[in-house]
Novice: 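One structure coming up, written as C-alpha cells, with questions to follow.
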Protein chains: 2
Amino acid sequence: MTVTIYDVAREAGVSMATVSRVVNNNPNVKPQTRKKVYEAIERLGYRPNAVARGLASKRTTTVGVVIPDISNAIIAEVARGIEDIANMYHYNIILCNADMRKEKEIRVINTLLEKQVDGLLFMGGLVTEDHIQAFRTSNVPVVLCATSDVEQSVPSVDIDHQLAAYDAVQALITRGHKKIALISGVLEDLTHYYQRYLGYRKALEEAGIPFREDYVRIGNGRYESGLEVMNYFMELEDRPTAILAANDEMAIGAIHTVLDHGLSVPDDISIIGIDNVRMASMVRPRLSTVAQPMYDIGAVSMRLLTKLMKKEHVEEERVILPHELIIRDSIAEA
Amino acid sequence: MTVTIYDVAREAGVSMATVSRVVNNNPNVKPQTRKKVYEAIERLGYRPNAVARGLASKRTTTVGVVIPDISNAIIAEVARGIEDIANMYHYNIILCNADMRKEKEIRVINTLLEKQVDGLLFMGGLVTEDHIQAFRTSNVPVVLCATSDVEQSVPSVDIDHQLAAYDAVQALITRGHKKIALISGVLEDLTHYYQRYLGYRKALEEAGIPFREDYVRIGNGRYESGLEVMNYFMELEDRPTAILAANDEMAIGAIHTVLDHGLSVPDDISIIGIDNVRMASMVRPRLSTVAQPMYDIGAVSMRLLTKLMKKEHVEEERVILPHELIIRDSIAEA
DNA sequence: CTGTTAGCGCCTTCAA
DNA sequence: TTGAAGGCGCTAACAG
C-alpha cells in the first residue's frame with residue numbers, strides 16, 4: 001500500500017542508503033544516480049515517512065509552539081515572525097492552542113514533548129512553577145515568547161512591560177492630565193499586568209501625583225470588561241480625565257463607554273492602550289497605544305531557539321525588545 | 001539518557017509488552033502488575049515516545065489542521081470547535097498556518113502527511129485543483145472546514161454563502177433600500193466571495209432592482225480595503241443608501257469612511273456585513289451582519305473527520321449549516 | 001560514491 | 001495474564 005524507501009531503492013536499482021542520501025540532500029551521490037532515484041521517487045509517488053525518520057535520527061526538525069489563547073489578537077503577528085525564521089532554518093512548526101487553561105497548557109507541552117519536538121516555544125501566557133517543571137523534564141530547549149518567568153530562569157524574548165505602561169502614562173502626564181485612572185488586567189499575572197500596574201504607579205509617583213485606590217479597577221482583558229470598568233469610572237464624582245487601559249481591547253471598550261455616554265474621546269476623556277493590535281487603528285477615534293514589536297518578538301525568539309537547539313553559544317538568554325509609543329487620536333491635552 | 005519502555009520493564013520486573021499494555025490502557029493486566037508498572041514509570045519519569053509509537057502502530061492519533069490565514073478573525077472560534085471534539089475523541093491536533101499563500105498551503109499539507117497524521121482538516125481557504133491533487137495522494141481522510149471545493153468531491157462543512165448574502169440584501173430591501181451597493185471580495189474565490197456576489201445579484205433581481213456595475217467594487221477582504229472602496233461609493237453622483245460588504249472587516253472599514261465624511265451610519269447610509277466576527281459588536285455603531293456558526297462548523301467538521309478516520313458510515317459528506325441574520329445598529333429604514 | 005547492517009522505541013501477533 | 005520476537009521505515013556508521 002504505502003511505498004517505502006525500499007521500494008524506491010528497488011525501482012531505481014540502488015540501495016536504501018543511496019535513496020536516503022538523495023532524499024536528505026547528501027552531496028555524496030553521483031548526479032546520474034541522483035537522477036535515477038528522483039525518477040523512481042516520481043514514478044512511485046514516494047513520500048518520506050517523517051515518523052520513521054524521526055525515530056531513526058532522533059531529530060524531528062519540528063518545534064512546538066504553545067499558544068495559550070488562539071483568539072488573542074497579538075499572536076497572529078508573533079506567529080508570522082516565528083514561522084519566517086523557522087522556515088529559514090528548515091524547521092517545521094506545529095501550533096497547539098491551550099485555550100487559556102493552565103491545565104491544558106501543561107498537557108499540550110507534554111504532548112509536544114512526547115512527539116519529540118526538537119524545541120519548544122511558549123507564547124504569551126503566564127508561566128508558573130508547574131510550567132517550569134514540565135519544561136525541566138524535557139531534554140529540549142525552551143524559549144518563552146512574549147512572556148517570561150518571574151524567576152527569569154528560562155530563556156525569553158519580551159518587552160519591558162513596566163516601562164511600556166510608564167511611557168503610556170507619561171504621554172498622558174505630558175499633556176497635562178493629573179486624574180489618570182487605570183483599567184488593569186489581573187495582577188496575579190506577575191509578568192504582564194502586574195508590571196504594567198507598577199509602571200502606572202511609578203509614572204504617577206515621579207510626577208508627584210498621588211495614587212488613588214478608586215482610580216484602579218481590574219478587568220479581564222476583554223472588550224466587554226473595558227466597557228464595564230469604564231462605566232464605573234464614569235460614575236465617579238471626581239471623574240478621571242485620562243485612562244490607561246492595560247491592553248488595547250479594554251481600551252477600545254473604554255472608548256465606547258465614553259461615546260455611549262454622549263461624551264467625546266479625546267475631548268472629554270483621553271484613553272491610551274498597550275499592545276497596538278491591528279484593531280487599534282480600526283476604531284474611531286483611532287487608539288493611541290504603546291506598540292509591542294510583535295513580529296520581532298516572534299522572529300527573535302525563534303532565532304534564539306535555533307541557536308539553543310544547535311547548542312551554539314548565545315550571549316544573552318533573556319532578550320528585551322524596545323516598544324514604541326504610537327500617538328493617534330484618542331488622547332489630547334487635558 | 002532517555003528512559004525507554006525497556007527501562008521501565010526492567011525496573012518493574014516485567015516485560016516490555018506488559019508495560020506497553022499498561023501505557024495503552026489494555027485491560028488485560030492484573031491490577032497489581034499495573035500498579036507496579038505505574039510506580040516504575042513514576043520513579044523513572046518515563047514519557048512515551050510518540051514517534052516510536054506512531055511507527056509501530058501506524059497511527060499517530062493526531063489530525064493536522066491547515067489554517068490558510070492565522071490572522072483571520074473567524075478561525076479562533078472554528079478552532080475551538082475543532083479542538084473540543086478532537087479532545088473528546090482523544091485526538092491531538094496540530095495547527096499549521098499557511099499565511100494565505102497557496103504554494104505554502106500545499107507544502108504544509110505535504111508536511112502534515114509526511115508526519116503521518118491520521119486525518120486532515122483544511123480550514124477556510126480557496127480549494128484548487130492542486131489542493132485536491134495533494135489530498136488524493138494521501139491515504140487519510142480530508143474534511144474541508146468553512147470552505148468547500150467547486151467540484152464538491154471532498155467532504156466539507158460550510159454555510160450557504162449565496163443564501164447568506166441574499167438574506168443580508170433582503171434585510172436592506174425590507175427596509176426600503178433600493179440603491180444597494182456591494183463591497184465584494186475577489187470573485188476568483190468561487191466558493192466564498194463569488195457565491196456572495198451571486199446572492200447579492202439574486203436578491204436584487206427578485207426585488208426587481210436593476211443591477212448596476214458601478215455599485216459593485218472589489219476589495220481584498222481587509223479593513224483598509226473597505227475604507228477605500230467606500231470612498232469610491234461616497235464620490236458617486238447617485239450615491240447608494242445601503243451597502244453590503246462581503247465580510248465584516250470591510251464593512252467596518254466602510255462604516256468608518258462614512259463617519260469620516262461627517263455622515264451617519266445608519267441614518268445616512270446603512271451597512272451590513274457577513275461573518276459576525278467578534279469585532280462586529282466592538283464598533284460604533286455596532287455592525288449588523290449574517291452570522292456564521294463558527295464553533296459548530298469546527299465541531300461538525302471534526303466530528304465528520306473522526307467518523308471518516310474510523311471508517312464509519314456517514315450519511316452525508318457535505319454539510320451545510322444554517323446562518324443567522326443579526327440585526328444591530330448599522331442599518332435603518334431608507 | 002555506494003552498499004550492508006544495526007538499531008531507533010514501541011506495538012502486536014503468537015505462544016505459553 | 002504475561003513474555004518473546006519480529007517488524008514499522010528510516011538513518012548512520014562502517015566497509016568497500
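Lettering of chains follows the sequences in order, A, B, ..., and the numbering in each one begins at 1.
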Novice: Taking CZ from B:Arg59 and P from C:dG9, how many angstroms apart are they, rounded to a whole number?
Specialist: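 Between P of C:dG9 and CZ of B:Arg59: 22 Å.
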Novice: Please report, rounded to the nearest Å, how far the C1' atom of C:dT13 is from the CG atom of B:Asn26.
Specialist: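 Rounded to the whole Å, the gap is 13 Å.
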Novice: Under 4.0 Å between a side-chain N or O of B:Ser57 and OP1 or OP2 of D:dC8?
Specialist: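 So the side chain of B:Ser57 is outside the cut-off, no N or O lying under 4.0 Å from OP1 or OP2 of D:dC8.
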Novice: Are B:Ser15 and D:dA4 close enough that a side-chain N or O sits under 4.0 Å from OP1 or OP2?
Specialist: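 No.
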Novice: What is the separation between atom CG on A:Asn49 and atom P on D:dC8, rounded to the nearest whole Å?
Specialist: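 Spelled out: CG on A:Asn49 to P on D:dC8 is 12 Å.
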Novice: Rounded to whole angstroms, how far apart are CZ on A:Arg10 and P on C:dT4?
Specialist: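 My rounded result for the distance is 14 Å.
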Novice: Heavy atoms only, 4.0 Å cut-off, all strands: where does A:Val23 land among base, sugar-phosphate and nothing?
Specialist: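 No contact.
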Novice: Between D:dC10, D:dT1, D:dG3, which nucleotide gets closest to the side-chain atoms of A:Ile5?
Specialist: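 Of the options given, the side chain of A:Ile5 lies nearest D:dC10.
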Novice: Using only atom types and a distance under 3.5 Å, with no angle test, would you say the side chain of A:His131 pairs donor to acceptor with the backbone of A:Thr128?
Specialist: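 Side chain of A:His131 to backbone of A:Thr128: a pair is present.
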Novice: Could you check whether B:Asn110 and A:Arg47, counting side-chain N and O atoms only, form a donor-acceptor pair closer than 3.5 Å?
Specialist: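 Note: A:Arg47 and B:Asn110 side chains meet the donor-acceptor criterion.
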Novice: Nearest whole Å is fine: how far is D:dG9 P from B:Gln116 CD?
Specialist: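 After rounding, the reported distance stands at 9 Å.
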Novice: Could you give the CZ-to-P distance, from A:Arg21 to D:dC10, as a whole number of Å?
Specialist: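 Taking CZ of A:Arg21 and P of D:dC10, I get 15 Å after rounding.
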Novice: Is there a side-chain polar atom (N or O) of B:Arg53 under 4.0 Å from OP1 or OP2 of C:dG9?
Specialist: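 Answer is no, no contact under 4.0 Å.
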Novice: Once you round it to whole Å, what is the distance between C1' of D:dT2 and NZ of B:Lys36?
Specialist: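 It works out to 11 Å between those atoms.
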Novice: Between B:Ser20 and C:dC10, is there a contact of a side-chain N or O with OP1 or OP2 at under 4.0 Å?
Specialist: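 So the side chain of B:Ser20 is outside the cut-off, no N or O lying under 4.0 Å from OP1 or OP2 of C:dC10.
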Novice: Check the phosphate of C:dG9 against B:Thr2, side-chain N and O only, distance under 4.0 Å to OP1 or OP2. Yes or no?
Specialist: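 Looking at the OP1 and OP2 atoms of C:dG9, one of them is under 4.0 Å from a side-chain N or O of B:Thr2.
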Novice: Can you figure out which of D:dT2, C:dC11, D:dG9 approaches the side chain of A:Ala52 most closely?
Specialist: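 Side chain of A:Ala52 sits closest to D:dG9.
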Novice: Which nucleotide, C:dT2, C:dC11, D:dC10, lies nearest any side-chain atom of B:Ala56?
Specialist: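 From the listed options, C:dC11 comes nearest.
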Novice: Suppose we call a contact any N or O donor and acceptor under 3.5 Å apart; does that hold for the side chain of A:Arg47 and the base of D:dG9?
Specialist: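 For A:Arg47, whose side chain was compared with the base of D:dG9, there is no donor-acceptor pair (under 3.5 Å).
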Novice: So which atom in A:Thr33 and which in A:Val29 form the shortest heavy-atom distance, rounded to 0.1 Å?
Specialist: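 The answer is CB-CG1, 3.9 Å.
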Novice: Over all heavy atoms of both residues, which pair between A:Glu317 and A:Leu304 is shortest? Give the atoms and the distance, please.
Specialist: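 Scanning both residues completely, I find the closest heavy atoms to be O-CD2, 3.9 Å.
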Novice: Can you find a side chain N or O atom of B:Lys58 that sits less than 4.0 Å from OP1 or OP2 on D:dG9?
Specialist: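 Answer yes for this pair, as a side-chain N or O of B:Lys58 is under 4.0 Å from OP1 or OP2.
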Novice: For C:dT2 and A:Asn28 - does any side-chain N or O of the residue sit under 4.0 Å from the phosphate oxygens OP1/OP2?
Specialist: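 No, because none of the side-chain N or O atoms of A:Asn28 sits under 4.0 Å from OP1 or OP2 of C:dT2.
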Novice: Just checking, is any N or O donor in the side chain of B:Ser71 or B:Asp69 under 3.5 Å from an acceptor N or O on the other one?
Specialist: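 Short answer, yes.
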Novice: Return the NZ to OG1 distance between B:Lys36 and B:Thr18, rounded to the nearest 0.5 Å.
Specialist: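 Answer rounded to 0.5 Å: 9.0 Å.
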Novice: D:dC8, OP1 or OP2 - any side-chain N/O from A:Thr4 closer than 4.0 Å?
Specialist: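 Answer is no, no contact under 4.0 Å.
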Novice: Between B:Met16 and A:Pro48, who's closer to the 5' end of DNA chain D by nearest nucleotide?
Specialist: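 Going by which nucleotide is closer to the 5' end, it is B:Met16.
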Novice: Is any side-chain nitrogen or oxygen of A:Thr18 closer than 4.0 Å to OP1 or OP2 of C:dT2?
Specialist: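 No, no such contact exists.
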Novice: Establish, with yes or no, whether the OP1 or OP2 oxygen of D:dA4 is under 4.0 angstrom from a side-chain nitrogen or oxygen of B:Tyr6.
Specialist: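 So the side-chain polar atoms of B:Tyr6 never come under 4.0 Å of the phosphate oxygens OP1 or OP2 of D:dA4.
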Novice: Once you round it to whole Å, what is the distance between C1' of D:dG7 and CG of B:Leu55?
Specialist: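 Atom-to-atom, B:Leu55 to D:dG7, this comes out as 9 Å.
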